[in-house]
Amino acid sequence: MLQRIKWPLFLIAGLMFGLKTYIVYRFVFTISLENMMQEIILFINPFATALVFFSLAVLMKPETQKKFIKYGALIGTLVIYVNLAYYRNFTDFITLPSLFQFKNFSDLGSSAASLTQLGDLLLFLDVVILFYLAKKTDNRLVKTYQRKGKLKILALSFSLLLTNVVLAEIERPMLFLRGFDREYLVKNIGLFNYHIYDIVINSKTKVQRVLADGSELVEIEEYVNENIEQDTKSDMWGIAKDKNIIYISLESVQSFVINETLNGEEITPFLNDLIEDSYYFENFYHQTNLGKTSDSEFLVETGLYPLPNSSVFFTHGQNEYNAVPEIIKENGYYSAVFHANNKSFWNRDVAYESLGFDQFFAEEYYNVTEENSIGWGLNDKEFFEQSIKYMEELPKPFYTKFITLTNHHPFELDEQFASIDQFDSNSNTVNQYFPTVRYTDEAVKQFFDLLKQSGLYEESIIVLYGDHYGISEYHNEAMGQFLGKELTPYDSLQLQRVPLIIHIPGHEDDRVIDKISAQIDMKPTLLNMLGIENNNDLTFGTDLFAEDRKPFISFRNGDFVTNDYLFTKGTCYDRQTGEPVDDVSDDSEETTEESLCAPYKQSVLDELGHSDDLIYGDLLRFYDFSKGTTKEE
Ligand code: GP9
Ligand code: MN
């Protein structure tokens, strides 16, 4: 039968290889598909990629075509096969750096037998057929193509791939900038394009790293010494010494819901009560960028800014950092993160290791079913409930972080789980936000009860913070309706405030603090509360309880807030009134805007630039934190 085939060899190869890859994606890797669009992309991608690759053969002479197609299919299949073996062991896809981690591959080697399944041989079926066809059909299936023919074939196959990329970008906007998750990448652009993407990103990072030699540190050190106060001690110094630390990252919770009602119902009754008995920072801003939750984690653990054009966990997750888990390990702390999502989301599994976390309780530690899931995965109530048993077993004192998930865009919550009404506006996102925020509030309340029951509560300090906004500026009209005013850029920046609540059981002197503060300050604040000296750090935050603090909060795009002013979208606002600072009176040449906001502009840009330089060059590897100097060669 094979003898009768007349189609060009590159087309046969492309179709067979495409079909095979589709079957592997769909039925062998456990890739989750959430909607029809994802199904379509997953179907188009293998064929598009295979056809683009094999159609390159038309540029070659017939004999070379055969070799290219045969060996191309063989190598491609080996790539799939190695990924499959790796996936069976790690439920993840290979990354360039992981190829150089021999630990991973020796693990693989030792379990090679169990990883190889008889069915795997079927993977090579099309390769065998191609070898056969190339040999037995003489040159019937290959020919020399004319210029026009070549162009037509290549244009067709590339446009198929372009369709794939466009659909992927629609399904996951900014996929290429943000990376998100290896599973997302594979399901949207396929395994092979993912490998190319990974190689490009990692090579760029490697080059920047190789070119850096540590001499850049001098200027950064100078900046930090001059501008970031590190060694004064507030009256909170050592208050958390040897206590367990429990961080709760509140997904998408913004400050505007705190102490606020909807149709007469409190939105966050538990958090409102908790604030009465805690330190509450009401002017605390998130500073995240493309990496969303992971950016907030990066800020909190390292005291550095996330990157301007990528998710730093994804592109620089393997750098050396002097992160909180590493520092407190030296003081006897054990660190763990709890988050019931795919462990490779935001490259967390890799980044956490660099940050020095001892344990990551990701999705595989939880019993996740359709019934106990909402939106993105395990609901927050179940999440805390299932976490407590792991928590009780942790060595003490511990430093833990719980990342909630239910209040995630698009804030979908079945009515049976909703305790308060939706808002009523033309934006579903805004409308649905309130019941999901309330759900998380209830989950946190239950968590506190569990902590009390287990006896962990009294010996712990609990820090709750919002990771980033949940409602983007796109919904300003509906937000304006809720807040009862038309929103200006000033209001949009003020909406970037997220709650920060520091709860110290048994501690009396609790209050609402209105000074400007941000996620970058959390590292020095915690270390000071723990009574850990960290005076030589190269970070940009200052202790929130210290009197002498840097006079501005920077955002990733160069906007900033000072005690008196707020600068956004090129306009300087009075922070108290929200009014733009007017151009001055007639007799002065200078505008007040220039005289009032301008002095901070350069400092903000300098600070962001220094932080970026530290990350791009992986400069902290050259720094000796015990001495506060560059390491000797
Ligand atoms: C995913 C969770 C949510 O694991 O952290 O991510 P986000 O989109 O908020 O960054
Ligand atoms: Mn988040």
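Order of listing sets the numbers, starting from 1, for every ligand and every atom in it.
- Among the atoms of Lys292, none of the N or O lies under 3.5 angstrom from an N or O of ligand 1.
- Checked by atom type and distance alone, the side chain of Glu265 never pairs as donor or acceptor with a backbone atom of Ser419 at under 3.5 Å.
- Backbone and side-chain nitrogen or oxygen atoms of His339 are examined, and one is located within less than 3.5 angstrom of a nitrogen or oxygen of ligand 1.
- Residue Asn341 has at least one N or O atom closer than 3.5 Å to an N or O atom of ligand 1.
- Numbered from 1 in the order shown, with element, the atoms of ligand 1 that lie under 4.0 Å from a heavy atom of His468 read 9 (O).
- No side-chain donor-acceptor contact under 3.5 Å links Arg575 to the backbone of Val561.
- At a cut-off of 2.8 Å, His468 coordinates the Mn ion (ligand 2) through an N, O or S atom.
- At the top of the distance list for atom 9 (O) of ligand 1, counting protein heavy atoms only, stands Thr293 OG1, 2.6 Å.
- Lys381 forms a cation-pi arrangement with Tyr439, by the criterion of a distance under 6.0 Å to the ring centre and an angle within 45° of the ring axis.
- Among the atoms of Thr293, an N, O or S atom falls under 2.8 Å of the Mn ion (ligand 2).
- Close contacts between ligand 1 and Glu251 involve ligand atoms 3 (C), 9 (O) [criterion: under 4.0 Å to a heavy atom].
- Of the options Lys343, Arg348, Glu363, the smallest heavy-atom separation from atom 5 (O) of ligand 1 is shown by Arg348.
- Ring orientation note: the planes of Tyr352 and Phe313 are nearly perpendicular, at an angle over 60° on the 30°/60° scale.
- Judged by the 6.0 Å and 45° rule, Arg172 forms no cation-pi pair with Tyr184.
- Remark: at the Mn ion (ligand 2), atom OD2 from Asp467 and atom OE1 from Glu251 enclose 90°, rounded to the nearest 10 degrees.
- Taking the centre and axis of the six-membered ring of Phe345, the NZ or CZ atom of Lys343 falls outside the cone set by 45° and 6.0 Å.
- Relative ring orientation between Phe434 and Phe482 is described as tilted, the plane-to-plane angle lying within the 30° to 60° band.
- For the atom pair CG (Asn45) and CZ (Phe43), the distance works out to 11.5 Å, reported to the nearest 0.5 Å.
- The protein atom (non-hydrogen) at minimum distance from atom 8 (O) of ligand 1 is His408 NE2, 2.8 Å.
- Between Trp346 and ligand 1, an N or O atom pair is found at a separation short of 3.5 Å.
- With sequence neighbours excluded, the residues forming a salt bridge (Lys or Arg N to Asp or Glu O under 4.0 Å) with Lys329 are Asp358, listed by chain and number.
- Under 4.0 Å from ligand 1, not a single heavy atom of Asn342 appears.
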